[in-house]
Amino acid sequence: MSKPTILQDIPKHFDPNSVEEKWYSFWEENGFFHSEPDERESYTVVIPPPNVTGVLHMGHMLNNTIQDVLVRRARMLGKNACWVPGTDHASIATEAKVVQKLRKEGITKADLTRDEFLDHAWEWTDEHGGIILQQLRKLGASCDWERTRFTLEDDLYEAVIDCFIELYDRGYIYRGKRMINWDPEAQTALSDEEVLHREVQSKLYYVRYKVKGEDDGITIATTRPETILADTAVCVHPDDERYQNLIGKTVIVPIVEREVPVIADEYVDPEYGTGCLKITPAHDENDYQIGQKHGLEIIDMLNADGTVSEAGQFYVGEDRFEARELIIKDLDKANQLVKVEEMTNKIGYSERTNAIIEPRLSLQWFCRMDELSKPALENVINDEIKFYPDKFKNSYRHWMENIRDWCISRQLWWGQRIPAWYYGDGKDDYVIAKTEEEAVEKARAKSGNNSLTKDDINQDEDVLDTWFSSWLWPMTVFDGFKDPDNEEINYYYPTNDLVTAPEIMFFWVARMIMSGYEFRGEKPFSNVYYTGIVRDKKRRKMSKSLGNSPDPIKLMEQYGADGVRVGMLFSSPAGNDLLFDEQLCEQGRNFANKIWNAFRFLSMNKQEDTEYSTELNIDKDNLVDRWMLSRLNETIEGVNKEMEAFRINEALRKIYSLIWDDFCDWYIELIKADEQGAKISTDRLSVALNFFEELMKLLHPFMPFITEEIWQHIRPRETDEAMIVAQWPEFEKAAVSEDDQGLFATIQRIISSVRNVRAEFNVSPNEEINLLIKAKHESMAKAFRQNEWIFRKLQSIAKFEAKADLKKPKTSASSVIEGTEVFVPLEGLIDLNKERERVEKEINRLEGFLKSVTGKLSNEGFVNNAPDEVVQRERDKQEDTETSLRKLKEILNTDLSD
RNA sequence: GGGUGGUUAGCUCAGCUGGUUCAGAGCACCUGCCUUACAAGCAGGGGGUCAUAGGUUCGAAUCCUAUACCACCCACCA
């Protein structure tokens with residue numbers, strides 16, 4: 001694609017904005033994101049479809065970054081990776097937006113016909129829809145855009161209808177008049193899951209009801225005095241001695257002066273309030289149950305919009321909260337308001353409109369959950385479907401075990417219209433049919449009236465809950481619902497990993513599992529990775545209404561998509577909330593820059609017209625090469641393990657450390673040419689370039705843009721040799737050498753200690769020093785001598801000596817590392833007091849350490865019970881420490897004594 | 001009312017099967033460096049009774065039990 005870079009014209013700072021778009025188009029145009037079934041193993045992810053008119057927020061960023069990491073790695077592992085993107089029509093959310101927009105134009109929904117409204121909704125969708133998918137490209141999401149689906153497009157619409165009919169035929173779907181959650185703002189029913197309960201400060205009103213024909217009265221306590229208008233009984237506990245005489249009597253409901261009975265039911269808690277409960281069967285779930293049990297009248301005193309209806313008699317047309325104020329005043333005037341107490345109370349709010357939910361008796365469509373939930377519960381509990389983290393299994397189980405029927409009808413227009421057709425006014429005068437023609441036929445058959453025509457039947461006005469379409473998503477995106485045997489679904493389903501927020505575990509995850517087993521007899525995915533919730537520094541959930549969410553697009557412009565990705569991934573293990581801080585992105589950007597400069601360094605050392613080997617052939621005689629290879633393989637193995645356990649942050653950490661700490665801080669420093677201005681030898685640079693390429697491969701899933709950019713610069717590549725499809729590094733066990741790593745680590749420590757000496761005594765890095773090492777054994781000394789060049793490369797050294805037998809020179813700074821003594825003669829530069837302090841400090845540290853080791857070893861229990869290996873390790877530690885201490889003390893007592 | 005998780009450096013958090021990756025990372029802080037890849041950097045350094053109290057164990061940040069505080073989820077007590 002592009003020419004390999006040789007010249008030194010690479011900018012000092014990586015500029016993400018200049019490359020991101022280029023590579024994204026390159027990937028997309030060359031079909032790297034696209035998947036078709038083939039002989040390879042499939043790896044499938046379906047995106048949690050964002051709301052079609054939604055805007056990218058930090059939650060999406062986290063979520064999709066993780067998916068992209070998984071997908072890109074799978075692709076590099078040679079799997080046929082398929083990440084299906086798409087959007088959700090988000091019935092209630094979108095409809096609310098359209099209504100709002102129309103309102104601004106002075107149009108109310110009621111002014112429009114269904115079709116007119118839908119035209120507006122589609123217009124809105126076409127205009128604002130899919131922006132979020134564009135934004136995902138900026139992030140680098142490697143979705144198969146050719147497969148983009150929308151839950152309201154024809155095929156998926158049809159699948160939802162088929163699903164409804166199928167479940168109806170199987171006896172799971174029914175129509176019933178039940179208490180549902182009513183959103184007076186959106187004027188629709190909601191499922192239980194769409195109601196959020198929040199604790200609020202409210203008031204408990206004590207109201208006096210007169211007993212008919214007596215001077216006596218009875219006091220009830222209520223938080224909703226306006227519903228007094230619809231009271232049809234007062235209830236006490238059957239055993240409550242205080243009220244025995246009242247049971248069976250009649251009391252008079254204030255204001256409306258309705259005569260209602262005093263009934264007894266064990267539901268009432270005598271301890272609470274006055275022990276008397278007013279019963280309003282139409283406006284409270286429990287009251288409804290009691291009403292059913294005792295055959296009470298049901299008075300519905302509220303309109304759909306939450307205003308008082310004619311049935312309320314008083315305050316008609318007033319909003320329910322307005323009516324509350326009014327009735328309190330009137331009760332007070334009538335001397336029937338006994339007292340008002342402050343209390344905290346849990347109130348249900350609509351997830352979408354934030355309106356206070358009204359329990360309402362209503363005729364709706366429901367889906368039975370008892371059977372559907374069985375395999376869905378079982379297969380999560382037995383880990384057929386794994387949850388990461390698995391703590392969510394508990395809440396899943398709890399929800400599944402207490403699952404109630406799902407109210408699936410919504411009094412909205414934006415969505416899949418319920419395929420029920422009514423031909424009469426009777427409760428059962430309806431048929432379920434896919435088309436009008438079919439409905440006529442069925443209606444004729446069911447009613448026995450063969451003269452029925454299209455004009456005699458009416459389709460249900462309502463649509464289905466959004467989640468009634470999203471729960472089919474893993475099937476419908478592959479047309480698997482329409483055509484259960486098609487090649488696509490058989491190839492891609494079950495999908496592999498699902499990445500989503502725990503918030504929608506019940507809304508979506510649980511239901512996909514249910515529908516998957518019901519319709520395909522198989523799980524929809526194998527693993528569910530729950531992300532954390534992105535919060536701000538004050539722990540508040542990031543939301544549009546709070547305005548505390550940074551604009552992801554701006555963030556990416558500022559730090560680069562790679563930088564933001566790293567920032568998100570770094571501190572977010574599965575299921576842990578992420579307190580978002582821009583500093584994290586800065587860390588990501590800095591990392592990108594570090595990598596960029598490593599690349600820049602290697603490039604600057606390239607020689608023109610020189611071929612660099614494409615194979616990683618290390619110099620086996622070179623400790624540094626062997627060490628780097630060992631570290632590389634150790635990391636490959638570690639990263640594979642972490643990724644398989646979905647510990648993505650840990651995987652990234654390992655790569656980060658390998659690149660920054662090992663490759664940049666040590667390896668690069670050690671391959672630098674000896675003379676300034678000289679270039680690294682071809683062989684050395686070949687090895688370095690190959691190492692670097694391996695690092696880029698490991699990093700690619702996490703930071704796709706910079707890795708592709710560098711990859712394409714390092715060598716000329718054919719299109720099919722792009723980074724995105726490079727083969728994931730293979731772990732070679734034989735390449736891991738504990739000996740090499742151990743020796744190199746010792747050398748690193750010696751060099752660090754020399755650096756420390758320089759820092760302590762203000763010896764500048766350029767100033768030459770002598771370095772004398774007294775090794776524990778001759779073999780060790782030999783190893784140091786063989787690697788003298790390493791010391792010399794990283795330190796300005798005049799004289800270097802490494803022996804097993806060596807006399808400590810006078811006035812030198814000393815350190816002891818694992819029993820190896822390191823001397824730096826500093827005639828005239830050394831401050832003896834300072835040096836004494838330095839040595840004493842080290843002695844103190846080692847003595848503390850020795851104490852704990854010796855303690856362990858003198859404990860018989862430890863020696864007898866711990867594994868030999870562990871005991872031996874402690875013995876080695878003890879010996880080493882003792883040797884080091886002895887030597888340090890010797891130094892202190894001979895050379896540093898006054 | 002039930003459930004789940006958290007409490008580790010000034011801040012944000014890692015820390016998997018109990019023992020050499022066990023006390024870590026980044027940021028912040030202190031000291032010295034514009035050392036030719038990188039000051040978005042380099043080198044060195046300070047800083048923690050791993051919430052509290054018990055227990056298990058030869059051995060606990062890690063396992064168990066309580067307690068405290070925090071967070072989240074679920075539930076119809078007016």
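All chains are named by letter (A, B, ...) in the order of the sequence lines, taking the proteins before the strands, and each is independently numbered beginning at 1. Worth knowing before you read on, the calculation uses all heavy atoms, side chains too, and leaves out hydrogens, waters and symmetry mates.
Identified under the side-chain hydrogen bond (donor to acceptor under 3.5 Å, both in side chains) test for residues 274-289 of chain A, with sequence neighbours left out: T227(A)-K278(A), D231(A)-K278(A), D231(A)-T280(A), Y267(A)-N286(A), K278(A)-T280(A), E285(A)-Q289(A).
Residues satisfying the side-chain hydrogen bond (donor to acceptor under 3.5 Å, both in side chains) test with K793(A), not counting sequence neighbours, are D674(A). Q872(A) pairs by the side-chain hydrogen bond (donor to acceptor under 3.5 Å, both in side chains) definition with D876(A), not counting sequence neighbours. Residues satisfying the salt bridge (charged side-chain N to carboxylate O under 4.0 Å, His left out) criterion with K654(A), sequence neighbours excluded, are E642(A). Every salt bridge (charged side-chain N to carboxylate O under 4.0 Å, His left out) that E226(A) has, sequence neighbours left out, goes to R224(A), R324(A). The side-chain hydrogen bond (donor to acceptor under 3.5 Å, both in side chains) test applied to N181(A) returns D192(A), not counting sequence neighbours. With sequence neighbours left out, the side-chain hydrogen bond (donor to acceptor under 3.5 Å, both in side chains) criterion links R875(A) to no other residue. With sequence neighbours excluded, no residue forms a ring-ring contact (aromatic ring centres under 6.0 Å, His included) with Y206(A).
Base engagement by I668(A) is indicated by at least one non-hydrogen atom pair under 4.0 Å involving a base atom. Residue contacts shown for S395(A) are absent, as no nucleic acid heavy atom lies under 4.0 Å away. Counting non-hydrogen atoms under 4.0 angstrom, K856(A) reaches nothing in the nucleic acid. Contact annotation for N756(A): backbone-only contact, meaning every heavy-atom pair under 4.0 Å involves sugar-phosphate atoms and none involves a base. Contacts of L277(A) with the nucleic acid, taken as non-hydrogen atoms under 4.0 Å apart, include base atoms. Contact annotation for N859(A): backbone-only contact, meaning every heavy-atom pair under 4.0 Å involves sugar-phosphate atoms and none involves a base. As judged by a 4.0 angstrom heavy-atom cut-off over every strand, H13(A) is placed among the base-contacting residues. Nucleic acid contact class of E285(A) (heavy atoms, under 4.0 Å, all strands): none. Base contact: Y267(A) has a heavy atom under 4.0 Å from a base atom. Among the protein residues, S657(A) comes within range of no part of the nucleic acid, since none of its heavy atoms lies under 4.0 Å from any strand. Residue contacts for R589(A): at a heavy-atom cut-off of 4.0 Å it reaches a base atom on one of the strands shown. In this structure, E634(A) reaches neither bases nor backbone, as no heavy-atom distance under 4.0 Å exists between it and the strands shown. Across all strands shown, K877(A) has heavy atoms under 4.0 Å from base atoms, whether or not it also approaches the sugar-phosphate. When heavy atoms are screened at a 4.0 angstrom cut-off, N345(A) is found touching the sugar-phosphate backbone but no base atom.
Listed by residue number, E642(A), R647(A), E650(A) are the residues of residues 640-651 of chain A with a heavy-atom contact under 4.0 Å to RNA chain B. A heavy atom closer than 4.0 Å to some atom of RNA chain B occurs in K391(A), N394(A), these being the qualifying members of residues 386-394 of chain A.
Scanning RNA chain B 5' to 3' for nucleotides with an atom closer than 4.0 angstrom to a non-hydrogen atom of chain A gives a first and last hit of U4(B) to A78(B).
Remark: the separation of the P atoms in A61(B) and U20(B) is 10 Å, to the nearest Å. On the P atoms, G6(B) is 10 Å away from G15(B), given to the nearest whole Å. Distance check on atom C1': A78(B) versus C73(B) gives 24 Å, rounded to whole Å. Nucleotides U4(B) and G46(B) are separated by 39 Å at their C1' atoms, to the nearest Å. Here the separation of G19(B) from A28(B), taken at their P atoms, is 32 Å to the nearest Å. Taking the C1' atom of each, A9(B) and G48(B) are spaced 5 Å apart, rounded to whole Å. A distance of about 10 Å separates the P atoms of C13(B) and U8(B), rounded to the whole Å. Atom P of G2(B) sits at a distance of 12 Å from the matching atom of U67(B), rounded to the whole Å.
Glycosidic torsion of U52(B) falls outside 90° of 0, placing the base in anti.
In this pair, W596(A) and F14(A) present their aromatic rings tilted. The plane angle is within the 30 to 60° band.
The nearest heavy atom of RNA chain B to V870(A) and to I533(A) marks one nucleotide each, and the one closer to the 5' end goes with V870(A). Between N576(A) and L602(A), it is N576(A) whose nearest contact on RNA chain B lies nearer the 5' terminus.
Pairing analysis of RNA chain B (Watson-Crick: purine N1 to pyrimidine N3 plus N6-O4 or O6-N4; G-U wobble: N1-O2 and O6-N3; both under 3.5 Å) yields stems of 3 or more pairs at B:1-7 with B:68-74, B:10-13 with B:24-27, B:29-33 with B:41-45, B:51-55 with B:63-67.
Closest approach of K393(A) to F387(A), counting heavy atoms only: N-CD2, 3.8 Å. Between W666(A) and D661(A) the shortest heavy-atom distance is CD1-O, 3.1 Å.
Distance CD1/I648(A) to CZ/F702(A): 7.0 Å, rounded to 0.5 Å. In this structure, E837(A) CD and E842(A) CD are separated by 14.0 Å, a value rounded to the nearest 0.5 Å. Considering CG of L794(A) and NZ of K672(A), their distance stands at 9.5 Å, rounded to 0.5 Å.
For the 3.5 Å distance criterion, the side chains of E341(A) and Y205(A) fail to qualify, holding no donor opposite an acceptor. There is a side-chain donor-acceptor pair under 3.5 Å between N756(A) and R838(A).
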